[in-house]
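A, B, ... follow the sequence lines: proteins, then strands. Residue 1 opens every chain.
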Amino acid sequence: MSEKIQSLRGMPDILPLDAPVWQYLERTAAAVLSSYGYAYLGTPLLESTALFTRSIGAATDIIEKEMYTFADRNNESVSLRPEGTASVVRAMLQHGLLQTPGQKVWYQGPMFRYEKPQRGRSRQFHQIGAEVFGLAGPDIDAELLAMSARLWEVLGISGNLRLEINSLGSATERQRYRQHLHDWLALHKAELDDDSLRRLETNPMRILDSKNPDMQALIGAAPKLFDHLGDTSREHFDQLMAILDCMNISWQHNHRLVRGLDYYTHTVFEWVTDDLGAQGTVCAGGRYDGLVELHGGAAIPGIGFAMGQERLVALLQQLPQDFARQPDVYLIIADQSLQQQAIVLAEQLRDQLPELRLLTNMGGGSMRAQFKRADRSKAQIALVLGADEWATDQITVKWLRNQQDQVAVSLQELGKWLQQNLNS
RNA sequence: GUGGGCGUAGCUCAGUGGUAGAGCACCGCGUUGUGGCCGCGGCGGUCGUGGGUUCAAUCCCCAUCGUCCACCCCA
């Protein structure tokens, strides 16, 4: 026996039992996104390392220590994508898709960050994201949020989520505030914990995010970003709030919401839940008005979000709903000499009824064994094909989930019969 | 990267310093072509891995790997 190879740490399989929830989430999201006019955009999992270092921010943990970076065979530094936005911007620019304003795209797939796994966090994880380019106003911010709110509604998890919003202002406003905050915090160095002291120089705004209870008083007293915004930024924010109110989307202004990635400007938001432990952010995003320019394009504004599929799946799994689709029919072969005929019959039924979920017994077995499998398959009915049936051009139909009597149906009529009697 | 909990059959877990069990699952049987309930039987574990202590370790010690939770970070 050779040694068993296991999956890499933090790189889980999606097992058949969980697959139905995943597929439900993905097709529901795809439907909602497309109903707002978003087109799918697929980008590679592997990109030039520079793409990410340039856009995400050199001081972030993602760049500093979480990227899967290595030299490919051509000795070029490549990285597995830690997030989706950078690739989308790259692709849009590369293919000249930003000429017309209002481009809407979405993506889905695995992302990679070398982190220590815990609840709601793994090294390979999946995101569904949406991005819009060329629209600077709060109207699209509002629509994007409405779209996410609608998705929660459709999925049945809106009761678990709340929306937190903030504005980071323009790049210069943000820069100015950052300096101001740094100076203020520096006066209170004695009250900062170790993590905050470290962040003071690298990313002081993240101190506002601290979970340390001892820090909360200080954070509450710190100067607020919102008070340092210019009129234009405030107006953008106010208008967005007004539209959200019109749509009855409730929100909270979280002054401490700063987001981790460097490219955000103006509107930032998070959908958070209390039902998933420490990793409560299920969907997050914001505006990134300078990012396209940063990648060599024109000064085209953008906004987008990404949702964590593992976290959404975890919420969906708390619902009483069963997402699995059970088979309709299990075909039992009472006489192994009829194996060929049974398989042909199954194919004929699939021709007639493309929607039919039909399992044909494989691998032989006694009637008892086959009925056991039929029962376990959760099929509605069992079909029995044996010598008696074959001799009379009939098939035996037995209901497995109710007490209806077993009946014989002619093989010619079987397709029609199933169509009329299943359909539940 | 830091801290803590846990690693015994496919799953959920008992257990003892003298090399192991239960429930569920799986397979078969309870007569000839009928599942779900019940009964009987069976398959299945180098007790995560490597060292050490000991006459002897699954149980004690160390290391390592994995896993879970939290910090950090973030979706």
Side-chain angles (χ1 to χ4, degrees), chain A residues 1 3-4 6-12 15 17 56-57 59-66 82-85 108-129 148 193-196 198-199 202-203 206-207 209-213 257-261 269-273 276-286 304-315 330 332-336 338 361 363 365-379 381-390 396-403 406:
Chain A
M1 279 273 259
E3 196 189 340
K4 282 184 197 160
Q6 298 212 327
S7 64
L8 263 26
R9 156 170 250 196
M11 307 243 174
L15 299 176
L17 210 58
I56 294 171
T60 61
D61 277 19
I62 295 179
I63 296 302
E64 271 185 357
K65 46 194 185 192
E66 292 177 1
E83 60 108 39
T85 303
Q108 185 279 137
M111 307 291 164
F112 304 85
R113 305 214 297 224
Y114 193 90
E115 298 186 274
K116 193 149 170 183
Q118 70 179 75
R119 187 171 181 191
R121 191 175 80 181
S122 52
R123 290 183 173 178
Q124 174 174 335
F125 60 103
H126 298 76
Q127 291 187 336
I128 298 172
S148 53
D193 62 15
D194 288 348
D195 283 323
S196 299
R198 179 174 52 76
R199 285 182 290 215
T202 57
N203 200 347
R206 299 241 26 131
I207 295 176
D209 249 357
S210 174
K211 286 181 191 168
N212 186 346
L257 183 58
V258 295
R259 309 287 313 127
L261 281 48
F269 56 87
E270 288 187 3
W271 288 95
V272 295
T273 179
L276 294 180
Q279 310 295 330
T281 303
V282 142
C283 171
F305 65 66
M307 44 197 158
Q309 289 183 246
E310 281 78 2
R311 295 177 186 178
L312 288 169
V313 162
L315 284 181
Y330 192 100
I332 287 171
I333 308 169
D335 257 287
Q336 283 314 299
L338 291 168
N361 185 75
S366 64
M367 285 293 275
R368 177 193 177 104
Q370 293 193 50
F371 263 98
K372 250 184 138 154
R373 291 176 206 153
D375 182 49
R376 228 169 9 208
S377 79
K378 308 233 175 77
I381 62 179
L383 298 178
V384 181
L385 181 64
D388 297 350
E389 286 84 356
W390 190 249
T396 300
V397 178
K398 170 156 183 177
W399 293 90
L400 294 173
R401 309 296 151 198
N402 60 40
Q403 299 305 313
Q406 182 168 308

Between [N] ([atom2]) and [X] ([atom1]): distance, integer Å:
X	N	atom1	atom2	value
Ile207(A)	C72(B)	CD1	C1'	14 Å
Leu15(A)	G10(B)	CG	P	15 Å
Glu115(A)	C69(B)	CD	P	14 Å
Asn203(A)	C74(B)	CG	C1'	13 Å
Asn212(A)	U2(B)	CG	C1'	15 Å
Gln370(A)	C29(B)	CD	P	12 Å
Gln279(A)	A70(B)	CD	C1'	10 Å
Gln6(A)	G48(B)	CD	C1'	9 Å

Measuring from [X]:[atom1] to [Y]:[atom2], what's the distance to the nearest 0.5 Å?
X	Y	atom1	atom2	answer
Leu276(A)	Arg121(A)	CG	CZ	14.5 Å
Ser7(A)	Arg123(A)	OG	CZ	11.5 Å
Asp375(A)	Leu400(A)	CG	CG	6.5 Å

Quantified in whole Å, what is the P atom distance between nucleotide C43(B) and nucleotide C27(B)?
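Nearest-Å result for C43(B) against C27(B) at atom P: 15 Å.
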Measuring only the P atom in each nucleotide, how far is C37(B) from U46(B)? A whole number of Å is fine.
31 Å
List the protein contact pattern of nucleotides 32-46 of chain B with one symbol per nucleotide (5' to 3'): B for base contact, S for sugar-phosphate-only contact, - for none; contact means a heavy-atom distance under 4.0 Å.
-BBBB----------
Consider the side chain of Ile62(A), meaning its heavy atoms from C-beta on, and name the nucleotide among C72(B), U2(B), C74(B) that approaches it most closely.
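From the listed options, C74(B) comes nearest.
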Can you identify which nucleotide, out of U2(B), C71(B), A75(B), has its nearest atom closest to the Ala284(A) side chain?
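In terms of side-chain proximity for Ala284(A), the closest of U2(B), C71(B), A75(B) is A75(B).
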State which residue, out of Arg311(A), Gln309(A), Arg113(A), fulfils the side-chain contact (heavy atoms from CB on, under 4.5 Å) condition with Phe125(A).
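For Phe125(A), the side-chain contact (heavy atoms from CB on, under 4.5 Å) check succeeds only for Arg113(A).
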Quick one: label [X] by what it contacts on the DNA or RNA (base, sugar-phosphate, nothing), any heavy atom closer than 4.0 Å.
X	value
Gly10(A)	sugar-phosphate
Gly277(A)	sugar-phosphate
Lys65(A)	nothing

[X] side chain N/O closer than 4.0 Å to the phosphate oxygens (OP1, OP2) of [N]?
X	N	result
Arg206(A)	C72(B)	no
Lys116(A)	C71(B)	no
Arg9(A)	U67(B)	yes
Gln118(A)	A70(B)	yes

Please list, by residue number, the residues of residues 306-315 of chain A whose heavy atoms come closer than 4.0 Å to an atom of RNA chain B; answer none if no residue qualifies.
Ala306(A), Gly308(A), Arg311(A)
Looking at side-chain heavy atoms only, is the closest gap between Val282(A) and Leu315(A) below 4.5 Å?
yes
Quick one: the dot-bracket string of RNA chain B, using Watson-Crick and G-U wobble pairs with both distances under 3.5 Å, [ ] for crossing pairs and | for bases paired to another strand.
(((((((..((((.......)))).(((((.......))))).....(((((.......))))))))))))....
Has the side chain of Arg121(A) got a donor or acceptor atom sitting under 3.5 Å from an opposite partner on the base of C73(B)?
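Answer yes: a donor N or O sits under 3.5 Å from an acceptor.
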